[in-house]
Amino acid sequence: MNTTHAVITAIGGYVPDTVLDNAALEKMVDTTNEWIVARTGIKERRIASDPLMATSDMTVLAIKDLIEKSGIDPLEVDCLVLATSTPDRLLAPTAVTVCEKAGLQNAFAFDLNAACSGFLYALSTGAALVETGRYKKVLVAGTDKMSSIVNYEDRNTCILFGDGSGVVLLEPNHEGVGIQDNIFRTDGKGVQFLSVPAGGSALGSNEDTVNQKQHFVQQDGRTVFKNAINGMTTACKDVLERNSLTADDIDWVVPHQANLRIIDAVGQNLGVDKDKVKVNIERYGNTTAATLPLCLWDYQADFKPGDKILFTAFGAGFTWGASLAVWGNLRTRQN
Ligand code: COA
């Protein structure tokens with residue numbers, strides 16, 4: 001088989017040590033553990049409480065984990081695509097800082113912002129680079145320090161989000177294994193329902209925007225909820241149909257972890273058994289671009305070569321999509 005696919009050959013992850021559980025949130029806003037668990041499935045999330053732990057630092061720790069487990073030489077990495085909505089700073093790509101700190105001296109690097117769909121978009125971007133034949137080792141990371149843009153006085157949002165980073169290595173494969181297909185969609189009407197209103201070129205930060213807390217995430221949860229279920233369900237169905245597959249052909253669904261009720265609804269709409277749908281939202285909450293790679297990191301032992309995996313995500317914008325992959329072999333220090 002001559003076609004080049006990009007296959008995931010290594011996974012790394014990092015979550016901060018500090019745990020913010022529902023009991024702690026009960027003391028910060030008017031909420032209860034019971035409400036949060038029943039309405040979202042989240043029990044706790046990790047927070048980068050050290051102010052010096054930026055998005056770049058979490059990404060470096062995830063990459064170090066990947067390098068440690070796979071034994072690859074950092075100098076062999078050709079490119080780093082970093083999906084994030086919480087860059088270290090607005091100007092100067094965070095991915096470049098990561099390369100500097102992680103010793104990826106031969107890699108070019110850039111950030112990609114597609115909110116909670118960021119990792120999926122970055123995965124297909126990285127895969128396209130590998131498929132050209134020009135790049136042999138591409139790192140794709142998803143990292144967000146959501147605690148830097150969450151208002152811990154707003155119970156509509158602060159219960160949902162956490163911090164973390166996950167990264168995968170993509171390499172070429174010529175035996176039909178790897179990323180097979182992607183379907184991506186966007187709808188700009190979604191901006192009004194989920195965004196950080198201030199701090200960008202549309203509305204620069206000033207005293208007023210800070211007083212009105214417009215530098216924090218604001219959302220209409222109900223609208224996002226409905227669109228997320230519809231968007232992920234439709235994208236998954238479309239990618240299955242385009243590849244002449246049914247839900248029965250899929251071994252695992254790895255969905256964006258925004259709300260357990262969204263995940264359950266998408267699984268039901270697809271007709272996929274619950275035990276095939278990977279969930280870790282109870283431990284990390286919604287880590288935005290990091291949810292998918294952290295799911296791969298947590299459940300990598302379950303995936304066997306040849307397994308068909310359906311990824312799906314939905315995020316601000318709106319952005320959403322689904323990707324189909326055939327799992328390959330992960331590198332170990334020995335191979
Ligand atoms: N604790 C207790 N009560 C809360 C609460 C909290 N943390 N947050 C909201 N409520 C209240 C509301 O004020 C409302 O009260 P009311 O009926 O008196 O008006 C009630 O609970 C129901 O609110 P609603 O917004 O309809 O709840 P919901 O079931 O839609 O759950 C979200 C709210 C935010 C959990 C849910 O909409 C969601 O997960 N949306 C998607 C968000 C998302 O994924 N964002 C990231 C993008 S990927």
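One-based numbering, in listed order, for ligands and for the atoms of each.
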Evaluate whether atom CG of Asn206 has more than 12 neighbouring non-hydrogen atoms of other residues, nucleotides or ligands under 6.0 angstrom away.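 Counting other residues, nucleotides and ligands, CG of Asn206 exceeds 12 neighbours.
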For [X], the ligand 1 atoms whose distance to one of its heavy atoms is below 4.0 Å:
X	value
Asn156	8 (N), 9 (C), 34 (C)
Arg39	29 (O)
Ile159	7 (N)

Tell me whether Leu296 is reachable from Val138 by hopping between hydrophobic residues (I, L, V, M, F, W, Y) whose side-chain heavy atoms are closer than 4.5 Å.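 Yes, same cluster.
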Going by an N to O cut-off under 4.0 Å, is there a salt bridge joining [X] and [Y]?
X	Y	answer
Arg155	Asp30	yes
Asp57	Lys101	yes
Lys69	Asp65	yes

Inter-residue atom distance Ile183.CD1 - Cys236.SG, 0.5 Å rounding: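 The SG atom of Cys236 is 9.5 Å from CD1 of Ile183, to the nearest 0.5 Å.
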How long is the gap from CG on Asn329 to CD1 on Ile8, to the nearest 0.5 Å?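 Separation between the atoms: 13.0 Å.
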If you look only at pairs with a residue in residues 263-272, which of them pass as a side chain to side chain donor-acceptor pair (under 3.5 Å), with sequence neighbours excluded?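 Passing the test, one end in residues 263-272: Thr233-Asn269.
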How far apart are the closest heavy atoms of Val279 and Gln257, and which atoms are they?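 Smallest heavy-atom distance, with atoms named: CA-OE1, 3.4 Å.
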Verify [atom]: protein non-hydrogen atom under 4.0 angstrom away:
atom	answer
atom 38 (C) of ligand 1	yes
atom 17 (O) of ligand 1	no
atom 29 (O) of ligand 1	yes

From the options [options], select the one whose nearest heavy atom is closest to [atom].
atom	options	result
atom 47 (C) of ligand 1	Leu194, Asn22, Thr40	Leu194
atom 34 (C) of ligand 1	Met146, His256, Gln219, Lys226	Gln219
atom 27 (O) of ligand 1	Trp35, Phe161, Phe193, Phe314	Trp35

For [atom], what is the nearest protein heavy atom, given as residue, atom name and distance?
atom	result
atom 31 (O) of ligand 1	Arg261 NH2, 3.5 Å
atom 44 (O) of ligand 1	Ala258 CB, 3.3 Å
atom 40 (N) of ligand 1	Gly221 O, 3.0 Å
atom 32 (C) of ligand 1	Asn259 ND2, 4.5 Å
atom 11 (C) of ligand 1	Arg155 NH2, 3.6 Å

May I ask you to identify, for Thr31, whether its side chain, its backbone, both or neither come under 4.0 Å of ligand 1 on a heavy-atom basis?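 Under 4.0 Å from ligand 1, Thr31 contributes backbone and side-chain atoms.
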If you measure from each non-hydrogen atom of Asn286 to ligand 1, which part falls under 4.0 Å: side chain, backbone, both or neither?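 Asn286 to ligand 1: side-chain contact only, backbone stays beyond 4.0 Å.
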Ring centroids only, cut at 6.0 angstrom: are Phe318 and Phe314 within range, meaning strictly under it?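 For Phe318 and Phe314, the ring centres are under 6.0 Å apart.
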Partners meeting side chain to side chain donor-acceptor pair (under 3.5 Å) with Asp302 (sequence neighbours left out):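 Applying side chain to side chain donor-acceptor pair (under 3.5 Å) to Asp302 gives Lys278.
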With respect to Arg222, determine whether any N or O atom, backbone or side chain, lies less than 3.5 Å from an N or O atom of ligand 1.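 Yes, at least one N or O pair falls under 3.5 Å.
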Thr32, any N or O under 3.5 Å of ligand 1 N or O: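 Min N/O separation from ligand 1 is not below 3.5 Å for Thr32.
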